> 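Quick one: structure below, then a few questions.
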Amino acid sequence: MRRTLFEELGLKSKSCRVWDSHVAVGLSCFAFAPSAAAFWAVFLCLVRVEIQEPGILIQMILYPLLGCMYTLVVITSYLADFLFIKREQRSLYGRVDIAFASATFFLSMFDYYLRATFWETMMLVVIALAAFAWSGQSQSFEIWVWRHSLWHVIGGSVALYGALMHLPAADRGSVRRVIEPLQLLLMQSLYGLAICVFLVIRQNLDKKQQDELWSTWAVLDPQVTAKASLHQSVKGARPCKETQRSAWAWPWEWGTATLAAEIRDLLLAAKGDPLEADARQMVEQGIDRLAEARVACPAELLGFSSSPSDGLWRSVFIQGKTPKWEENARLLRPLVQNKVGQAYDAGKGRVTNYGEILGAGLHFVAEGSFTPVDDAGQCPKEFDVKIEQGGLVILGVPLLSTAISGPGLVRVLYIDEDIRIFESPTDSPDRWEEQGLRVIQVRDFTNTGELEQIESFNEWLETYPAEHKVVIAGNHDITLHEEYYKGRGAKRFHPHKSYDCTKAKALLKGCIYLEDASKEVRGYQVYGSPWQPEFCDWAFNLPRGEELRRCWGAIPEDTDILLVHGPPAGHVDRTSRDTRVGCEDLLAAIQDRRVSVVVTGHLHESYGTSADEVTLFVNASTCTSEYNPTRPPIVFDLPPPRELQEATTRAASQRRAARAD
């Protein structure tokens, strides 16, 4: 592939791995509009000057040409940096924008050189190139947003300076005396009107319309598409929002979460294949940066089952000498996609090292215990490991021996819900890992909408002795949220085997499945919706604010029973940290109606009931925070539909009257 000038200078762009559409970048694209307007305004003034110098004849050509070209730069940058940009892919508009904007910029600098000194011209060139190169080195989405916006502003300012300084002069006076402020203001107003139209159109496109626009008009760059899967990052990847927080965060906090997601996606997309040299270097640099972040290291993030089938931390990257378990796993690749990794039960302090040789039919295990070395709550955090036994498991038959046993030490450098980085400060007890080894692991999730589990759930529903069974989805049911699953859910949770979302919903035959829909059940109006405020980039997430208000606004006024996955604010919505994270807009929608019962889940820690003067709130999470389904179901009785509706209507009216007073 051809190398760009910046690559030849060792300034290879990293921002393509993290960029995405952002309104600040879209707005900054129009920073080139003032320079375009200025070139046009000066040209119109030149037309009124009697031309005698050859130099002005050249300017008569260059000024309108640059006015046209900077107008097109506004359009190409808008298309490339705002309208047709995704982290997963790059549109051809990006390459067109770089080529055309570069040509326009250097032509305008040549034009300025004809009117100014060489060193002044070089100063402007260096300023603009430095801003562009700095943007290209962005390593997180949030950093790229403000750096690229700044580049647009600096580039536009340099062009505007070049248009208005050292104006062409004629024998009968300076063009500066001929320029009318009203004329320049008129040109700027025309561009300002166009800016408003562009932004209003883009911001009023909903998610479906944006996807249709991309699929219809985005032309993918063939030179970048092949690498896109390796350098993508999860759209909107953010730190886990278990608690309400401001929309703003310090750049390094956001950068850590984004970088971790970027590394995870890069390694999952590689599917065990060796990384290219630049990608491997990026990952190794990312390990160092994440290790320095000193993120919280709660033991529960390790998991609550030492069985690999219930959730394995699967190894996807190794820095150091390849350990024996990885060599065994690679023997039959790519014929067999063997898994290696670890499973933890933080509650019992148990760990299982797991490495497949011929799939699950022939694998190695080493079982033992682990305990934290100290009470430190942040990474790097060390754990003492004591391996008790290990050996081969052949077709489910364990052949274990205490010969593989002994003490060890593992240091967790970084951990979140999806990715873990650890190192071995000492040799492992089985001598299969050497001191200094660093490993990146990603979590192999279960209970994430796999068709086999939906089918099993449906079979259980069909045998359950109830006349009517009403079901809604939740954030783990990712295959029921087709837009999310096709966009990033499949890559995140099912990188080796994706599922058909249409088939997933079709499997739910033994129930009434509600997704933003109502159903009359024995005279009660039941409405179900799976949405919830954003939570760790799972399915059926919406940002707090307008989008959730629209969602809850669709709840019918005559709803008796409301089924929602996430709770409303102030009711059955406390986390283990004793903070409330329910949705205020959902509570407002409930209190604007005469809803008798709200049934929710999601927050396992808040199992139980709550009530106000009108509504009963039920958190029916049967699973504990450790995902153990040990809680009994909550049963409540309702009066006949008409009695319930009349009583709830009276109570709701009294509440409205009390508020009015």
Side-chain angles (χ1 to χ4, degrees), residues 20-29 78 82-83 85-87 141-142 145-146 149 195-214 234-249 254 257 472-475 480-484 487-489 514-518 527-557 559 562-571 573 579-593 595 598 600 602-603 659:
D20 207 341
S21 182
H22 193 281
V23 66
V25 179
L27 187 61
S28 70
C29 292
Y78 177 85
F82 185 53
L83 196 59
I85 186 170
K86 284 188 176 183
R87 295 190 193 182
F141 172 58
E142 289 73 25
V145 167
W146 70 266
S149 300
I195 290 171
C196 294
V197 171
F198 271 116
L199 286 178
V200 168
I201 291 175
R202 170 61 175 80
Q203 290 303 104
N204 280 278
L205 294 177
D206 58 30
K207 184 64 171 61
K208 182 178 180 181
Q209 290 172 321
Q210 293 176 31
D211 291 340
E212 290 176 353
L213 186 68
W214 174 274
V234 177
K235 184 176 183 180
R238 301 175 176 177
C240 180
K241 295 183 179 176
E242 290 185 0
T243 59
Q244 287 181 257
R245 59 191 302 167
S246 168
W248 293 95
W254 288 99
I472 65 169
N475 60 294
L480 299 181
H481 187 183
E482 185 170 1
E483 180 182 351
Y484 167 82
R488 57 189 184 278
L514 296 181
E515 186 175 314
D516 298 321
S518 286
Y527 184 84
S529 178
W531 300 98
Q532 64 185 8
E534 284 181 321
F535 177 78
C536 294
D537 195 29
W538 284 85
F540 296 108
N541 278 359
L542 286 175
R544 295 178 185 268
E546 183 59 33
E547 290 190 54
L548 273 174
R549 281 194 290 274
R550 280 201 303 268
C551 177
W552 307 136
I555 300 173
E557 297 288 340
T559 298
L562 176 63
L563 304 182
V564 285
H565 187 61
H571 295 278
D573 68 334
T579 54
R580 292 192 178 275
V581 295
C583 180
E584 296 90 342
D585 292 315
L586 175 58
L587 179 65
I590 293 169
Q591 293 180 343
D592 284 343
R593 294 159 175 78
V595 180
V598 176
T600 181
H602 187 47
L603 290 178
R659 287 181 178 178

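These values consider heavy atoms only, across backbone and side chains, with no hydrogens, waters or symmetry-generated copies. Residue numbers run from 1 in the order of the sequence given. Since we're looking at a predicted model, the values are computed, not measured.
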> With side chain to side chain contact (heavy atoms under 4.5 Å, CB included) as the criterion, how do Glu515 and Ile472 come out once you've worked through the C-alpha distance, each side chain's angles and the decisive distance to 0.1 Å?
CA-CA 6 Å; Glu515 186 175 314; Ile472 65 169; over 6 Å; no
> Return the set of residues passing side-chain contact (heavy atoms from CB on, under 4.5 Å) with Glu557 (not counting sequence neighbours), or none when no residue passes.
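So Glu557 forms a side-chain contact (heavy atoms from CB on, under 4.5 Å) with Arg593.
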> Mind checking the NE2-CZ spacing from His602 to Phe540? Nearest 0.5 Å is all I need.
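Between atom NE2 of His602 and atom CZ of Phe540 there are 13.0 Å.
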> Would you name the heavy atoms of Val145 and Ala24 that are closest together and state the gap between them?
CG1-CB, 4.0 Å
> Where the side chain of Ser518 meets the backbone of Tyr527, is there a donor-acceptor pair that is under 3.5 Å apart?
no
> Without swapping roles, check the side chain of Asp573 against the backbone of Gly582 for a donor-acceptor pair under 3.5 Å.
yes
> Is any side-chain heavy atom of Pro530 less than 4.5 Å from a side-chain heavy atom of Leu480?
no
> Do Arg544 side-chain atoms and Pro533 backbone N/O form a donor-acceptor pair below 3.5 Å?
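Not a single qualifying donor-acceptor pair exists.
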> State whether the side chain of Thr559 and the backbone N or O of Ile555 hold a donor-acceptor pair below 3.5 Å, judged by distance alone.
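Flag not set: sc Thr559 to bb Ile555 has no pair under 3.5 Å.
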> In the structure I gave you, are the side-chain heavy atoms of Glu483 and Arg488 within less than 4.5 Å of one another anywhere?
no
> Do Asn541 and Gln532 make a side-chain contact, defined as non-hydrogen atoms from C-beta onward lying under 4.5 Å apart?
yes
> Holding to side-chain contact (heavy atoms from CB on, under 4.5 Å), I want the full list of residues that pass it with Asp592, two or more places apart in sequence or in another chain.
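In terms of side-chain contact (heavy atoms from CB on, under 4.5 Å), with neighbours along the sequence ignored, Asp592 is linked to no residue.
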> Is there a donor-acceptor pair closer than 3.5 Å between any side-chain N or O of Ser149 and the backbone N or O of Trp146?
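A pair under 3.5 Å: no.
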> Side chains of Leu587 and His571: closer than 4.5 Å at any heavy-atom pair?
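Yes - at least one pair of side-chain heavy atoms lies under 4.5 Å apart.
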> With His481, which residues qualify under side-chain hydrogen bond (donor to acceptor under 3.5 Å, both in side chains), at least two apart?
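For His481 there are no side-chain hydrogen bond (donor to acceptor under 3.5 Å, both in side chains) partners, ignoring immediate neighbours.
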> Taking atom types as modelled, is there a side-chain donor on Trp531 or Asp516 under 3.5 Å from an acceptor on the other?
yes
> Once rounded to the nearest 0.5 Å, what's the spacing between atom CG of Leu586 and atom CD of Gln591?
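Atom-to-atom, Leu586:CG and Gln591:CD are 10.0 Å apart.
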> Rounded to the nearest 0.5 Å, what separates atom CG in Leu562 from atom OG in Ser529?
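Here the rounded value is 8.0 Å.
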> Could you state the interatomic distance from CD (Glu546) to CG (Asp585), rounded to the nearest 0.5 Å?
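If we round to the nearest 0.5 Å, Glu546:CD and Asp585:CG are 8.5 Å apart.
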> Do Ile590 and Trp552 have side-chain heavy atoms sitting under 4.5 Å apart?
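No; the side chains remain at least 4.5 Å from each other.
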> Between atom CZ of Arg580 and atom CG of Leu603, what is the distance when rounded to the nearest 0.5 Å?
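So the gap between those two atoms works out to 10.5 Å.
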